[in-house]
Amino acid sequence: MESILNSLNDAQKEAVQQIDGPLLILAGAGSGKTKTITSRVAYLLKNGIPPSSILTLTFTNKAANEMRNRALSLIDEQLSYTPLLCTFHKFGLLFLKHHISHLDRENNFVIIDTDDKKRIIKSFDIDLPVSLIASEISRYKNNLVNPQEAIAGAQLPNFKKIAHLYQKYEAYLRQNNLVDFDDLIALPYQILDQKPDLARETSERYRYIMVDEYQDTNDLQLMLLKKLTTAHHNICVVGDDDQSIYGWRGANIKNILEFDRLYDDVKVIKLETNYRSTDHILECANKLISHNRNRHQKSLNGTKGKGDEVKLLSHDTENQEALKIAQMINDFLDEGVNLNDIAVLYRINALSRSIEEGLNRQGIAYKMVGGVKFYERAEIKDIISYLRLIANPNDDFSLKRIINKPKRGLGKATIDKLQAGAHDQRCSIFSYISEHQTELKKKIAKKPFDAITRFVDLMDHLIAKKEEGSLETLIDDLEDSFGIKSYYQMLPDAQERVLNIEEFYGLYRDFMIRNSDATLDDFLNDISLQSDQDQIDESSVSVMSIHAAKGLEFSYVFVIGLEEGFFPLLGDGTDIEEERRLGYVAFTRAKDALFLSHSESRFYKGKRARLSKSRFLSEAGLVKGSLKLNKDTAGYKKGMLVKHKIFGIGRVLAVSKVKRETKLKINFAGTTRDILASFVQKV
DNA sequence: TGGGTCACGGTTTTT
DNA sequence: CCGTGACCCA
């Protein structure tokens, strides 16, 4: 027990030992949050709490793995059962595997990603942007609004449309037994809500619950947690409201700001001692974040001494910026700094290109986190679709993706016929083409018919393979049957794509060897919850978005693109406080040296734009403030035409200022609405 | 059916 | 600027 508490400060000790009742740990950046959580898990175990009663929820797999390792290393004895420590989504998946039958569904469902979701929506005929529909559906789900309610509640024609698409989308998912990311949280909640006994039982099972990164939970996750604590109130949430950066994905900062209203007798412990950064860095971060109003008052106290001043780097162009930073990094390396200790961070991925070029020119090894994700590459998704179809032949969605890949002469016309035929028979496309061949033959020409027959035969063979359990070699049979690799060999970027395919085959075999009793479904679900955060830890400079840098720390940090418009990123529905929190997160990644860089101009979307310094630089005390407020107000005038995503085109009736925003009174086809200027575009 | 050309629009950020 | 989607012709 001593060994666990020994290395903790007083606040951390208190947090670790406070195991009963609701507890909010406000853990500032670099205040030893992970250490506190892992010590707390260890402390619970040491106090005889059975491992199976402890549930710890995190945001990324990476955080989950790291915490598991650290917690277990604090315990000497071997555990027969490891406490469940996973992401919210993984927890949802495990729960649904056991309980989805309560919703009258089979547990061989498949998880779809955002791209799949958009494809499904796109396959309906729509006249609104897919991204809008997708995000509205997400919103409905996160607010527990079902399609019927959505339709009943929708007022405007476009919302009516979206609500109907939502209904169609849900029907599609159900029919194909698909589950999207939102469902992984929403469906468990629905089940627990319908079955109070199950809620109680589940809550009894997990008597000690901990939640990491609580500032980034959404409403639905909060409700789910509420269900999980029906039988007790032993919930410990850990987070930092100043680091809430996922509002765009539905995270609700109120969850952490108002946690004490959720349960009686909430104990609050603040961890305000920062062990990571030097004082100059902290001062800069503290100053910046102090401009936010919506936050728990607190500040970080350093322990490392003053350190070097935070440096502002000014450049004319992004190429100069990249060159200069690459040179500086080279100098650090000459001084003996480790590649792993250096990071370049930015607000938007588009800025990575120039930096990569600069690092390449200087011959500096770097790793990009994010960008095009491995599992989202077209060639990988094709193979995944084949596997999904083998796992579940009724998955029309996957079938349509690969039925003509590699090309077998099956175009839109044929596929439409198959779809119509399947619809008439009320069965999936696959069962239609395998079981109604005589009928099919009458409908389509010989050539496509032969292609389909051959496709079905090969698939049947693979399905049989799966059923007899030869999963390890299934991937080779798949390649032998369909020649996906050789197909991509002929396409552009062949080399890279083939390498990706080979890597994927390797991952598949590896998974099947390591998990000998796993099913194909297990594999598919496992990879769909994987992010590529978990990269190989070779020695290199890290280049990534600030979001990707959450939870990480580096000795030397460069933040680039500190210009109005890029950071803060200004556009539809910008939340300036969240932008500022992102700045805070970026600054507090640095341990010893922080460099903030801006450029006078940048080449973006095909043209070069002149840019002014980010307001965050003056707010952090780095440049003397010459804040131009309401810069974009001037653009709007009475009588002007503007366009809104949902309301369409309207005419401006009046322009006014509210706080720092421009508010417009707009006439949309006879209806007058007050709307913030940031939500409309000039026509 | 599939390949080629042309116009458009767009990017935050991720489980 | 680059990738995607619509449209047209062989």
Side-chain angles (χ1 to χ4, degrees), chain A residues 57-64 86-93 111-119 122 129-131 134-135 138 142 179-186 213 216-218 220-221 244-251 345-354 369-373 375-376 378 404-416 444-445 447-448 451 491-493 525-534 544-551 561 565-575 578-579 581-583 585-586 602-609 681:
Chain A
L57 297 171
T58 62
F59 252 74
T60 61
N61 295 303
K62 194 177 149 219
C86 63
T87 62
F88 266 98
H89 291 86
K90 175 85 178 195
F91 176 78
L93 167 64
I111 303 169
I112 57 167
D113 67 15
T114 322
D115 178 65
D116 297 330
K117 178 179 177 183
K118 288 189 175 163
R119 276 168 194 270
K122 222 180 275 177
V130 231
S131 53
S135 65
S138 249
N142 283 305
V179 157
D180 68 16
F181 283 134
D182 298 319
D183 288 338
L184 287 175
I185 318 286
E213 307 282 10
D216 284 322
T217 50
N218 63 27
L220 190 53
Q221 286 166 328
S244 165
I245 56 175
Y246 284 95
W248 52 274
R249 181 172 112 180
L345 309 180
Y346 39 77
R347 176 65 176 84
I348 60 171
N349 278 139
L351 297 199
S352 72
R353 203 177 290 188
S354 58
V369 180
V372 198
K373 314 246 171 339
Y375 291 111
E376 286 169 19
N404 198 30
K405 228 180 266 184
K407 298 211 184 320
R408 349 185 134 79
L410 302 173
K412 193 174 178 311
T414 313
I415 293 170
D416 283 348
I444 59 177
K447 240 169 129 188
L491 267 47
D493 306 316
N525 285 331
D526 192 79
I527 60 173
S528 57
L529 291 183
Q530 212 133 75
S531 65
D532 6 56
Q533 292 283 90
D534 340 54
M544 63 181 118
S545 72
I546 298 165
H547 284 91
K550 172 171 166 160
F566 280 100
F567 193 11
L569 183 67
L570 302 170
D572 286 10
T574 294
D575 176 350
E578 181 153 316
E579 294 294 312
R581 290 192 292 269
L582 265 167
V585 170
R602 239 171 242 289
F603 201 68
Y604 184 60
K605 287 192 191 174
K607 51 179 191 279
R608 181 159 293 284
Q681 286 177 326

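Just so it is clear, the model here is predicted, and its values are computed rather than measured. In the text below, chain A, chain B and the rest are named by the order of the sequence lines, each starting its count at 1.
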Rounded to whole Å, please give me the gap between CG in A/L570 and C1' in B/dT13.
15 Å

When you measure from the side chain of A/N404, which nucleotide among C/dC1, B/dT15, B/dG2 comes out closest?
B/dG2

Answer yes or no for A/R249 and A/Y246: cation-pi contact, defined as NZ/CZ to six-membered ring centre under 6.0 Å and angle to ring axis within 45°.
yes

OP1 or OP2 of C/dG5 under 4.0 Å from side-chain N/O of A/K122:
yes

Could you tell me how far apart A/F566 (CZ) and B/dT13 (P) are, to the nearest whole angstrom?
12 Å

Identify whether NZ of Lys or CZ of Arg in A/K550 sits under 6.0 Å from the centre of the six-membered ring of A/F59 and within 45° of that ring's axis.
yes

Return the value, rounded to whole Å, for the distance between atom CZ of A/R608 and atom P of C/dC1.
12 Å

Heavy-atom side-chain contact between A/T217 and A/L57 under 4.5 Å:
no

With a non-hydrogen cut-off below 4.0 angstrom, is A/F59 in contact with a base, only sugar-phosphate, or nothing?
sugar-phosphate

Nearest to side-chain heavy atoms of A/K407, which nucleotide of B/dT15, B/dG3, B/dT1:
B/dG3

Close side-chain approach of A/K117 and A/D182, heavy atoms under 4.5 Å
yes

Taking atom CZ as the centre, does A/R608 end up with more than 12 heavy-atom neighbours from other residues, nucleotides or ligands that are less than 6.0 angstrom away?
yes

Residue A/F603, side-chain atoms from C-beta onward, closest of B/dT11, B/dT14, C/dC1
C/dC1

Atom pair distance, as rounded to whole Å: CZ in A/R353 and P in C/dC2:
6 Å

Here's a test of your reading of the structure: between A/I348 and A/I415, which maps to the more 5' nucleotide of DNA chain B?
A/I415

Given atom CZ of A/R249 and atom C1' of B/dT14, what is their separation to the nearest angstrom?
5 Å

Under 4.0 angstrom between A/N61 side-chain N/O and B/dT15 OP1 or OP2
no

Calculate the interatomic distance between A/K118 atom NZ and C/dT4 atom P; express it in whole Å.
13 Å

Respond yes when some side-chain nitrogen or oxygen of A/T114 is under 4.0 Å from OP1 or OP2 of B/dT15, and no when none is.
no

Give A/Y246 one of three labels, base, sugar-phosphate or nothing, depending on what nucleic acid heavy atoms sit under 4.0 Å from its own.
sugar-phosphate

Residue whose closest nucleotide on DNA chain B lies nearer the 5' end, A/K605 versus A/A413
A/A413

Specify the separation, in whole Å, of atom CD1 of A/I112 and atom C1' of B/dT14.
15 Å

Please give, in whole Å, the distance from B/dT1 P to A/R408 CZ?
15 Å

Classify the nucleic acid contact of A/T414 as base, sugar-phosphate or nothing, counting any heavy atom under 4.0 Å across all strands shown.
sugar-phosphate

Is a donor-acceptor pair below 3.5 Å formed from side chain A/T60 to base B/dT14, judging by atom type as modelled?
no

